Amino acid sequence: MSLTNEIIKQRLVEKFGDQLTDWVEPYGMLTFTAPKDQNLKVLQFLFDDAELRFQFLTDLQAVHYPAKKGEELAVVYHLHNLVDNVRIRFKVFADVTKPDVFSATAIYQSANWMERETYDFFGVNFVGHPNLIRVLNVDEMDYFPMRKEFPMEEQTRVDKDDAMFGR
Amino acid sequence: MQALTNRVKQVDRKKLSFIESLYLPAIIKGMFITFSHIFKRKPTVRYPEKTRTFSPVFRGLHVLNRDEQGRENCTACGLCAVACPAEAITMEGAERKPGEEGLYREEKYAARYEINMLRCIFCGLCEEACPKDAIYLSETFAPANFQRKGFIYGKEDLLIPNPVTEPEAYAKAKGGRVAVK
Amino acid sequence: MSRPVRFNNKVKMVEAPASFMGDGFMATSLEKVVGLARKNSIWPLPFATSCCGIEFMATAASHYDIARFGAERMSFSPRQCDLLMVMGTISKKMGPVLKQVYLQMAEPRWVLSVGACACSGGIFDSYSVLQGIDQIIPVDVYVPGCPPRPEAILDGFMKIQELVGNESLRRRTGEKYKDMLAEYGIQ
Amino acid sequence: MGITQILFWFLSLLAVGSAAMVVVSKNPVHSILFLIVTFFAISGHYILLNAQFIAIVNIIVYAGAIMVLFLFVVMLMNLNAESEPQKNRLMLFIGTIAGASLMLVLVAALKQSDTTTHLIQMGGGNVGLIEQLGKALFTDYVFPFEISSVLFLSAMIGAVVISKKED
Amino acid sequence: MQSTEHIVLPEGSLEKLTTTLNLGPTHPATHGVFQNILEMDGERIQKATSTVGYIHRAFEKIAERRPLYQITPLTDRLNYCSSPINNMGWHLTCEKLLGVETPKRVDYLRIIIMELARISDHLICNSIVGVDSGAFSGFLYLMQYRELIYEIYEEVCGSRLTTNIGRIGGFERNFTNTAFEKLEKFLKEYPVQLKEFENLFLRNRIFMGRTIGCGPISAERALNYGFTGPNLRAAGVDYDVRVHTPYSSYQDFEFTVPVGSTGDCYDRFLVRNEEMWQSLSIINQAYKKVQEFKGTEADIFHADVPAYYLPEKKDVYTKMEALIYHFKIIMGETEIPAGEVYSSVEGANGELGFYLISDGGRTPYRLHFRRPCFIYYQAYPEITKGSMLSDAIITMSSLNLIAGELDA
Amino acid sequence: MFLSIDTAVIIEKLALIAVVVVASLVIAMYATFAERKVAAILQDRVGPNRAGPFGILQPLADGLKLFFKEEIIPNFSNKFLFILGPSLAMLTAMMTGAVVPWGDKIHILGRDFSLQIADINIGILYVFGVVSLGVYGIMIGSWASNNKFSLMGGLRAASQIISYELALGIALIALLMVTGTMSLKTMVVQQQAHWYSWNIVKQPLGFLIFLICAFAECNRTPFDLAEAESELIGGYHTEYSSMKLGFYLFAEYINMFISSTIMICLYFGGYGIPFFEHTVAAHCGTNWLAFWHILTLLFKVACFLFFFMWVRWTIPRFRYDQLMNLGWKILIPLSLFNMLVTGAVILFHQYGWHF
């Protein structure tokens, strides 16, 4: 366990300077934010660097913050260095009106469906993704259901039998 | 790939020996195993003739409880409805009128108490949420039915029999077990 | 802490659905015999999508053994089955598939809806889940529970047997049945 | 007319009729089925000649194995009327002429041959029984028999070689 | 079947040389809910396209509207073959967020329940591999013992499959003696049956022929595809969350991490089989440790956190303070710190992660489940390419795809 | 012989045919029931027990239900072939029974009735021919279904049956060399001589090959690729409903029944009573002897049927290519080897070392 959060941070700062911001460590996991167009570079560096070796993409998904104007959608990557057993998390913020983020599929195969899922739920447009179509929902769906402005079920629906519900 | 932990154990994946590769030994062995099962005791529970006893904490059909004097315990606080993840409980509260003290224990009571058994997932959160010892899940599993409307269980279906007026049915509902206070 | 209440002995009475006997109410002896035969030879099509499917495995396995009712010849080909057992969540994406399977089944066919999700959507009151399969296909018996215990599934199965045994041979050609199917958009 | 004659005419009509259907029918699967019927009719003839062994072998080999393979290939390629290529009129014409001339030659040959001397007694002969057949094959005709077996062997090896090459 | 490619066909007679076969979503081998459109050349698969989402139920959206304790029933329905692991994983996540420390006895009890769940999951997976390869009896033999596991669950929490077992901080009630008796019975009887199951399959040449070399994946590809759990270990990577980031006191136990070498179905089968033995040994150890607790310690079944763990019923009926806590917890009005937390457990088929973002409100701001099935199922087209149809089916069952987990 | 038949013989044979057909149907019906019960018992279950006492009316219930089920003929399928498929399967399954000697003879109304429909001198070849036709039912049905799964099932069945027929034939040739006859009746009579004169003693390897091939010809596990529930749903009968499905299922059981009887006639002494043949023959009249013979045969058949089922519920099925490998690379060389050894031994017996 030689690879500590300090070392990772140091290495990243060496490489990217102050482009990476918001360094925090909630519950011991190093978290930072990268600019939107730098995400692939950061991922590639984390993957290739002989010391860092974050070669396992644990998780990739998005969060919608309607309040943050201009960077409503956050794409969150969880990476794992299996050898030293260190996890880090980094985020990329995108504008909800133009949610273009570079796709990580070239580095991690596993990102393929996770990005499709993120697109499906939040409408994040992953540039460079080989097959960016909905994965879980029906293709005809015309909105991104996990965004905060959409209620859990359609308000206009008629199929819900009111007699069957409590409250 | 280097070992990540010091607990690695390679699974045993040895090549087939010549005898094993003749198919027959494993088949014969397997056939002896299945044959030996002819003589095993059959674990089948012959439902509906026989039933398996459920655990005392089984989560089945709900029961609304009464106290010893046959008064309903529910006070229509609505915690069960809030706690229900399936939103299956409908409740309408009403104030107890004078003269109804023999019917309801508290000042408020549930005038309408309905559980939609088709929605209910029998998670037991309502039982946990009840602060008045009023709703319990019983050891009866919910029966099947032909029509949808048969699954809205109202108060009359859920209430435990009144110990004063119907003592036998009450004893049956209690299952002979002494209530723990 | 053990519970002060043990059983709910006010289990609701079963109401036979209206007009399941079909046109003409008198069951002839041939109908009775056919009813008995059908009743004891219901081949299920397990349309198992989620949790209830796992509980159905338990029903089919040694401990509960649905074979006792003559129903262990499961077939996944809708043509050969009598009973469509819908077990598990049916999402809106799955809905058309389910309907297709129902349409492919040969008459007489019955539908058993097992579990909260299939019956009413259960806890999944969300944009993607169908709130009860009776919106797309007619259901004969509902089994509540999430998932129902094997006993409950068997109970539902016996309700189906009750229906099957009493069914008139003319029901499937009758007007009422056609009207009922027409409600679901099936001619 | 005894039962033998009735059977003979029936089988002959069946054989010729279904043989015609083989050529006429549009669906290749039907053609094959008619061909099988033809084989059966011919086997019937063998039985009338008291050549049970040959009859059964005819069924086993032709109907039971070769036609199955034919059917197999036709089913696999899923040939049907729609996908059948448009035939050239000229080809049709030439084919008719070729077929007709073959027929002519056959009829002429039959006329020439001295049928009366070799007429086999119906139902009475025993050429088709196993003992006679075996004796004939391994004494009088041993050379052609061996030659044909060599021929088959080479055909088999050839088939194996061809299919190996393609892999 | 010979390839049709070598047959020279008249032009326009065939549209294409491969046949399209639609496997699913109601095909028996897809367990009801996946669709694979296979381009077949005879019996060989040239290309597979997977469609998922047939039971997408919008867990994450529903979770955004639920207080923490109501999410437990949702997690039940993720991987329904081993719902207690999901329950515990979720509670561990909440405990991490809320800073709750659990006593050792609770940890050990949890481990017993989780390992039982792992056994029940693995036994289903392995016996289903048997069923899909055509041998049905082994499945039923093992299913009898899953019934014993379910009886233990029922004794502890009252239901069999979707257990809703445990609460934030511990269990809703203490284990009864009956539960322990049933556990002992299980520990005594199961190894015998598992041995028999091994005899039925492990060295059977037909079974080996079916599974060896079927759906293999190399360690590099597996990692790149985000494999975790038994499937990754079968490829030769000994990654196990229980060892890497021990939770719930897994560090107190002796167990090994079985790994395979080629990542084919046989390896997966062997790894799962060996994991069942390891789980049995862990349960034995945990049960021994649980029995060692004496005195008041022997009755601890939850952490002492009145703000999150419901007070005892008899206190609720009588004490005002307990009643207030009770109301606060049920209404979801408890103090929940803002923050984001990722916590993972070793689910029955891989790293089951919970990424919880809380803004201090009643419900999670965002909850994401890292569902191992969803991530590794995308490798399916690659690992089945060029294999026979039967192989593809065995591969699917040996990957242990749980639809509820996959589609969320 | 064949052409010089009188009316009494025709009536006698027709009666026998009717009896054999009905018996095969009943036995096949109860084989389905037995299959379910045996499966249940091998799997620690109870099995059907609701229809009638111990569920013995189960096959009747199934049959009646199938009769009253809707007939579905898929839209794009060829109607005639779709119906022809199951009929052919049933027909070929029933035809084999014609040459099986069910017993020696019975004596009624002053006449001797042979308990064999046709004792033709190429009996075993006849069986072989009919079996080789059995595949048409499956192939035609599967093709007419216009369903890819069915088609795959049909193709699998066709290639499987053709491949296994070869090994079956060669194994038989070795047996024919031993017995020197092709008539089943003669073979059975030969085997009645001593308790050790069963052909299984002389041809153990041949029997094993024959057994394996019989499994393959009947499409039973481990060779049930044509229906492979978990892969092809129902294989060739996926699209069939009602009694046409019933025909297919029935045909399978009749095939099992008939191939069991054939195997018994070839290798296990047919209707001969082991050890007590001569004792029984000495003490009983013709009719009683025939009764005991039939009973013995049925008992042997029951054992074989149980064996078929036992195997089915124990072992996994093969993969398509493994099946082909087993057939072509193992069974055929093995049967050739068996044939050569048999030939050598026979020659050795006849001529010693110098020939």
Side-chain angles (χ1 to χ4, degrees), chain A residues 1 24 26-29 31 47 55-65 67 74 76-78 80-89 91 105-118 120-122 131 133-139 141 144-148 150-153, chain E residues 49-58 60-66 93 96-97 99 220-228 232 237-239 241 243-245 337-344 351 353-355 357 359 365-372 374-379 382 406-408:
Chain A
M1 291 292 282
V24 279
Y27 301 94
M29 194 190 281
T31 306
F47 187 92
Q55 291 172 354
F56 190 81
L57 178 67
T58 305
D59 199 7
L60 185 163
Q61 38 82 46
V63 191
H64 187 211
Y65 296 104
V76 187
Y77 299 85
H78 282 86
H80 195 172
N81 176 342
L82 290 176
V83 181
D84 299 297
N85 193 22
V86 187
R87 292 172 195 266
I88 58 167
R89 173 194 300 144
K91 299 178 182 177
T105 40
I107 308 171
Y108 304 102
Q109 277 288 336
S110 54
N112 190 331
W113 278 17
M114 293 199 254
E115 284 178 359
R116 274 175 71 185
E117 188 196 17
T118 312
D120 193 350
F121 285 163
F122 292 93
N131 182 25
I133 50 170
R134 288 187 185 272
V135 60
L136 292 178
N137 286 308
V138 283
D139 293 333
M141 200 171 215
F144 301 107
M146 282 293 283
R147 289 192 185 168
K148 286 283 175 190
F150 295 107
M152 191 154 71
E153 69 267 7
Chain E
T49 319
S50 309
T51 314
V52 296
Y54 280 101
I55 61 160
H56 174 50
R57 297 179 280 192
E60 294 172 9
K61 193 76 182 174
I62 296 172
E64 285 180 13
R65 299 250 304 237
R66 298 258 182 265
T93 312
K96 199 169 172 183
L97 179 78
E220 283 72 35
R221 293 303 289 164
L223 281 176
N224 209 273
Y225 264 119
F227 274 49
T228 42
L232 179 67
V237 184
D238 56 332
Y239 172 61
V241 183
V243 182
H244 273 72
T245 11
E340 49 188 318
V341 53
Y342 176 85
S343 150
S344 59
E351 177 178 338
F354 298 86
Y355 177 45
I357 301 180
D359 59 351
Y365 185 78
R366 168 102 170 93
L367 174 61
H368 179 76
F369 303 104
R370 181 202 191 272
R371 309 177 311 270
F374 177 75
I375 294 169
Y376 64 63
Y377 184 47
Q378 40 187 321
E382 184 178 309
L406 199 150
D407 286 345

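Chain naming here is simple, since letters A, B, ... match the order of the sequence lines and numbering starts at 1 in each. Here the structure is a predicted model, which is why all the values come from computation and not from measurement.
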If you count heavy-atom pairs within less than 4.5 Å of chain A, which of [options] leads?
options	result
L406(E), V341(E), D359(E)	V341(E)
T51(E), V52(E), T228(E)	V52(E)
Y355(E), Y239(E), Y377(E)	Y355(E)

With a 4.5 angstrom heavy-atom cut-off, is it the side chain or the backbone of [X] that approaches chain E, or both, or neither?
X	answer
R116(A)	neither
M29(A)	side chain
Y65(A)	both
V76(A)	side chain
A62(A)	backbone
H78(A)	side chain

Is it the side chain or the backbone of [X] that comes within 4.5 Å of chain A heavy atoms, both, or neither?
X	answer
R57(E)	neither
L97(E)	both
Y376(E)	neither
E64(E)	side chain

Q378(E) side chain vs I375(E) backbone, donor-acceptor pair below 3.5 Å: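 Side chain of Q378(E) to backbone of I375(E), a donor-acceptor pair under 3.5 Å: yes, one is there.
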
Nearest-0.5 Å distance that lies between atom NE2 in H80(A) and atom CG in N85(A):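 H80(A) NE2 to N85(A) CG: 4.0 Å, rounded to 0.5 Å.
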
Just so I understand: if I count every heavy-atom pair under 4.5 Å between each of R89(A), Q55(A), H64(A) and chain E, which residue has the most?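 Top count of heavy-atom pairs under 4.5 Å with chain E: R89(A).
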
Under the side-chain contact (heavy atoms from CB on, under 4.5 Å) test, residues paired with A111(A) that sit two or more places apart: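 Listed in chain order: L57(A), L60(A), A104(A), T105(A), Y108(A), E115(A).
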
Closest heavy-atom contact between L232(E) and L223(E)?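 Nearest heavy atoms, L232(E) then L223(E): CD1-CD2, 3.8 Å.
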
If you look at every heavy atom in E340(E) and I357(E), which pair is closest and at what distance?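 Shortest heavy-atom separation between E340(E) and I357(E) comes out as CB-CG1, 4.0 Å.
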
Identify, with sequence neighbours excluded, every residue that meets side chain to side chain donor-acceptor pair (under 3.5 Å) alongside D120(A).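 Partners of D120(A) by the side chain to side chain donor-acceptor pair (under 3.5 Å) criterion, ordered by chain and then number, come out as R134(A), N137(A).
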
Audit row: R87(A), T58(A), side chain to side chain contact (heavy atoms under 4.5 Å, CB included) steps and yes/no: CA-CA 9 Å; R87(A) 292 172 195 266; T58(A) 305; 3.9 Å; yes

Is the F354(E) ring parallel, tilted or perpendicular to the F369(E) ring (thresholds 30°, 60°)?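 Answer is perpendicular, since the angle exceeds 60°.
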
side-chain contact (heavy atoms from CB on, under 4.5 Å), paired with Q61(A), selected from R370(E), E60(E), H368(E):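 With Q61(A) as partner, side-chain contact (heavy atoms from CB on, under 4.5 Å) holds for just one option, H368(E).
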
